[in-house]
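Structure record follows, encoded as structure tokens.
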Amino acid sequence: MSKRPVHLPQSTARRCFLQTAAGAGLGTLLPRALAQQSDTGPAPDPGRDTDPLRIAAARRWVRGEFTPSTLDEDAQMREMAFFIRAAAPFRGQRIHVASETIPTHVYEQRFLARAFHDITGVRVQHDLLHEGELVERLQTQLRTGRNLYDAYVNDSDFIGTHYRSDNVVPLSDWITGDGADVTLPTLDLDDFIGSAFTTGPDGKRYQLPDQQFANLYWFRYDWFRREDFGRAFAERYGYPLGVPVNWKAYEDIADFFTNQVREIDGRRVYGHMDYAKIDPSLGWRFTDAWLSMAGVGDPGLPNGMPVDEWGIRAEDCRPKGSAVSRGGATNGPAAVYALRKYLEWLERFAPKEAYDLDFSDAGPVPARGDIAQQIFWYTAFTPDMIKAGSAVMNADGSPKWRVAPSPHGAYWRPGMKLGYQDCGAWTLPAATPPERRRAAWLYAQFCTCKSVSLKKTLVGLTPIRASDLESEAMTEAAPRLGGLVEFYRSPARTAWTPTGMNVPDYAKLAQLWWTRIGRAVSGKLEPRQALDELAEAQDAVMARLAAAGDFTRCAPELNEPETRQAWLERPGAPKPRLADEEGQGRTVDYEALLEAWRRGEATVSLATQR
């Protein structure tokens with residue numbers, strides 16, 4: 001149990017505007033040698049050749065804030081001794097880093113930056129920026145070479161951008177080259193569960209994961225277990241009420257609660273929740289893997305190949321096109337189905353205010369107690385769900401809700417990704433002066449080392465290390481977290497991944513989505529028309545990127561257009577329209593799903609589905 005509970009200020013930010021962890025009381029939840037690097041020998045004595053005042057400061061943090069940890073106190077102190085010695089040349093200096101405004105980064109700014117200064121003598125200006133502002137500053141720095149920040153926590157969605165240029169430092173080169181003497185011997189890269197997301201086709205790691213959260217299926221476990229609801233659902237739809245396996249089951253459950261149940265305890269309830277405000281976050285609603293959930297793209301993890309969840313075809317790492325006429329799937333039948341279902345469910349099953357909500361407004365809505373399920377729910381909003389006195393928490397502190405794998409659409413096939421996982425990762429710009437980069441790298445490792453990572457995970461609920469997930473502290477926290485720990489411990493998590501290599505410039509392409517989707521939301525365009533415009537715009541941007549010659553490797557090389565039919569008749573994506581896009585609803589018992597996870601299986605067998 002931590003001797004010093006976390007108290008953080010309120011904020012409205014989630015990814016851009018998520019609330020801080022303090023509102024949920026998360027501070028009270030508590031009751032390998034470096035990969036690709038040679039053996040560094042035994043760890044040094046923490047008191048040897050080290051400033052005793054700084055050792056004393058480190059011990060205070062280890063015994064206080066940095067509890068619990070998967071390391072014992074001696075091992076934690078050896079890590080702290082490394083930071084003290086390695087940071088000695090930078091003592092008295094100030095480094096500048098930037099990240100988005102989510103609880104994990106608030107914790108780093110408020111606690112870890114101060115701890116790093118107390119222990120090493122290096123000051124850290126850790127700025128919290130809205131996502132758009134952070135991306136703009138990072139792009140400016142990479143484009144101009146002006147050193148605005150010494151390091152960024154930048155989404156791994158940018159892996160395709162970073163790999164194609166020489167604007168960021170590949171960490172695999174750094175830790176075995178110029179950064180070897182400032183690399184923590186116990187960093188243990190193989191322990192990071194998001195390493196695949198930050199690794200390029202060349203096998204090099206370009207970023208160091210700092211936080212991760214997924215979008216999962218969220219539902220009211222207490223309502224789903226009511227016998228009267230179970231009987232009524234089975235009588236009407238012909239199969240049991242349970243965790244939906246496919247979109248048809250999700251739609252039936254949405255109809256059941258919105259249009260059949262309608263009220264619970266005198267309160268209007270809804271079987272679906274979403275958001276549709278026409279702003280940049282509407283684009284995330286789709287680029288964060290909605291199309292892959294529908295079945296757009298090809299099998300492959302972490303991303304489909306040759307066609308990914310953005311509908312972009314790539315061959316030999318070169319993007320070939322988004323439009324079906326170029327072999328892409330952004331405007332293919334599966335994508336049209338995905339957009340159509342999004343619009344239908346908003347109109348038929350969601351509360352009307354969903355049209356006026358953005359990402360940050362909509363995330364906490366299920367906590368008010370009138371939502372039965374949500375197909376696309378970011379786990380970064382967990383702090384809102386577990387606040388004391390919440391309408392979705394029991395008096396004993398246990399949740400009335402659960403999370404489960406997202407149901408898939410009609411075009412989805414086994415082997416495809418099933419959802420999105422955000423992975424904010426430390427990124428070192430190539431233009432940063434070497435000595436400032438070395439100091440910033442020490443802070444990045446300090447924020448992710450085993451001495452502090454478990455406590456940070458319990459505060460922000462954005463796990464990055466396998467060892468933390470398997471810890472006793474996470475086992476103790478699990479009953480309050482509605483299946484989140486069980487999900488991250490299971491093989492299922494590997495099907496939830498960020499944007500991948502097929503997207504050559506995340507920032508330039510992502511901004512195209514919200515305006516086109518917005519025109520479909522407002523009724524100005526039919527789904528097919530909106531996606532035709534989007535595919536054409538993406539291909540135009542990729543053509544300009546290729547012509548500019550800014551990429552060192554794997555620049556777009558667009559296919560010449562052919563007829564849609566020619567591509568739809570070929571195997572794989574883009575896929576022809578299915579004769580039946582609805583199918584039969586299938587559900588699974590939540591307890592059976594948990595048991596499958598405990599056995600190390602990603603999901604229950606088809607025979608167990610109902």
Side-chain angles (χ1 to χ4, degrees), residues 32-46 58 61-62 66-87 104 108 112 115-116 119-120 151 153 156 169-177 179-200 203-212 302 421 423-428 438 440-458 460 462-475 485 488-489 491 493-494:
R32 307 181 249 258
L34 232 189
Q36 300 178 346
Q37 189 170 339
S38 60
D39 185 11
T40 57
D45 180 346
W61 281 97
V62 164
F66 300 164
T67 301
S69 169
T70 56
L71 302 181
D72 61 29
E73 183 176 323
D74 287 345
Q76 286 181 282
M77 288 304 299
R78 286 193 289 271
E79 288 198 335
M80 296 301 106
F82 166 82
F83 286 115
I84 294 170
R85 284 191 299 273
T104 296
E108 290 166 345
L112 299 188
F116 189 70
I119 294 167
T120 69
V153 181
S156 70
V169 177
L171 295 185
S172 294
D173 294 343
W174 171 251
I175 64 179
T176 56
D181 62 332
V182 287
T183 296
L184 180 66
T186 52
L187 183 59
D188 192 3
L189 292 177
D190 289 342
D191 193 38
F192 287 84
I193 62 174
S195 290
F197 309 152
T198 62
T199 300
K204 294 181 180 179
R205 289 178 168 92
Y206 283 78
Q207 300 166 285
L208 182 70
D210 181 83
Q211 55 83 7
Q212 293 177 221
Q421 187 165 181
C423 178
W426 287 99
T427 307
L428 303 180
R438 289 162 66 83
W441 174 235
L442 286 170
Y443 178 65
Q445 295 172 94
F446 186 81
C447 289
T448 56
C449 69
K450 291 181 180 180
S451 289
V452 308
S453 61
L454 176 55
K455 177 59 181 290
K456 189 177 80 169
T457 293
L458 288 164
T462 54
I464 55 171
R465 286 186 175 274
S467 57
D468 291 339
L469 286 167
E470 296 302 325
S471 68
E472 181 60 31
M474 291 302 291
T475 299
V485 174
Y488 267 106
R489 284 177 169 176
R493 73 165 189 251
T494 62

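Below, all heavy atoms of this structure are taken into account, side chains as well, without hydrogens, waters or symmetry copies.
Taking all atoms of both residues into account, the shortest heavy-atom contact from Leu469 to Pro463 is CD2-CB, 3.7 Å. In plain terms, the two heavy atoms of Ala440 and Ala151 that are nearest each other are CB-CB, 3.9 Å. Across Leu112 and Phe446, no two heavy atoms sit closer than the pair O-CE2, 3.5 Å. For the residue pair Thr183 and Leu187, the shortest heavy atom distance occurs at CG2-CD2, 4.5 Å. Residues Ser172 and Gly203 share a closest heavy-atom pair of OG-O, 4.5 Å.
With sequence neighbours excluded, the residues that form a side-chain hydrogen bond (donor to acceptor under 3.5 Å, both in side chains) with Gln211 are Asp422. Tyr443 pairs by the ring pair (Phe, Tyr, Trp, His ring centres under 6.0 Å) definition with Phe116, His126, Trp426, not counting sequence neighbours. Contacts of Phe197 classified as ring pair (Phe, Tyr, Trp, His ring centres under 6.0 Å), with partners at least two apart in sequence or in another chain: none.
Atom CG of Leu442 is separated from atom CG of Leu184 by 9.0 Å, given to the nearest 0.5 angstrom. Considering CG of Asp468 and OH of Tyr488, their distance stands at 13.0 Å, rounded to 0.5 Å. The CG atom of Leu458 sits 11.5 Å away from the OG1 atom of Thr67 when rounded to the nearest 0.5 Å. Met77 CE to Ile84 CD1: the interatomic distance, rounded to the nearest 0.5 Å, is 6.5 Å. The structure places CD of Gln445 at 8.5 Å from CD1 of Ile175, a figure rounded to the nearest 0.5 Å. For the atom pair OG (Ser467) and CG (Asp190), the distance works out to 11.5 Å, reported to the nearest 0.5 Å.
Salt bridge absent: Arg465 and Asp210 never bring a charged side-chain N and a carboxylate O closer than 4.0 Å. Salt-bridge formation is detected for the pair Arg438/Asp181: a Lys NZ or Arg NE/NH1/NH2 atom is positioned less than 4.0 Å from an Asp or Glu carboxylate oxygen. Under the 4.0 Å criterion applied to side-chain N and carboxylate O atoms, Glu108 and Lys456 are assigned as salt-bridge partners.
In this structure, the side chains of Trp174 and Leu428 come closer than 4.5 Å at one or more pairs of heavy atoms. For the pair Arg205/Leu189, a side-chain contact is recorded, criterion being any heavy-atom separation below 4.5 Å from C-beta on. Between Met474 and Leu454, some side-chain heavy-atom pair lies under the 4.5 Å cut-off. Here the side chains of Thr448 and Leu208 are in contact, with some heavy-atom distance below 4.5 Å. Side-chain contact between Glu79 and Val62 is absent, with no heavy-atom pair separated by less than 4.5 Å. At least one side-chain heavy atom of Phe83 sits less than 4.5 Å from a side-chain heavy atom of Cys449. Side-chain atoms of Lys455 and Val452, non-hydrogen and from C-beta on, never get closer than 4.5 Å to each other. In this structure the side chain of Thr198 reaches within 4.5 angstrom of the side chain of Ser156, judged on heavy atoms.
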task: Report the C-alpha distance between Thr462 and Gln212 in whole Å, list the side-chain angles of each, state the deciding distance to 0.1 Å, and finish with yes or no for side chain to side chain donor-acceptor pair (under 3.5 Å).
output: CA-CA 5 Å; Thr462 54; Gln212 293 177 221; over 6 Å; no

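In this structure, a donor-acceptor pair under 3.5 Å is absent between the side chains of Ser471 and Thr70.
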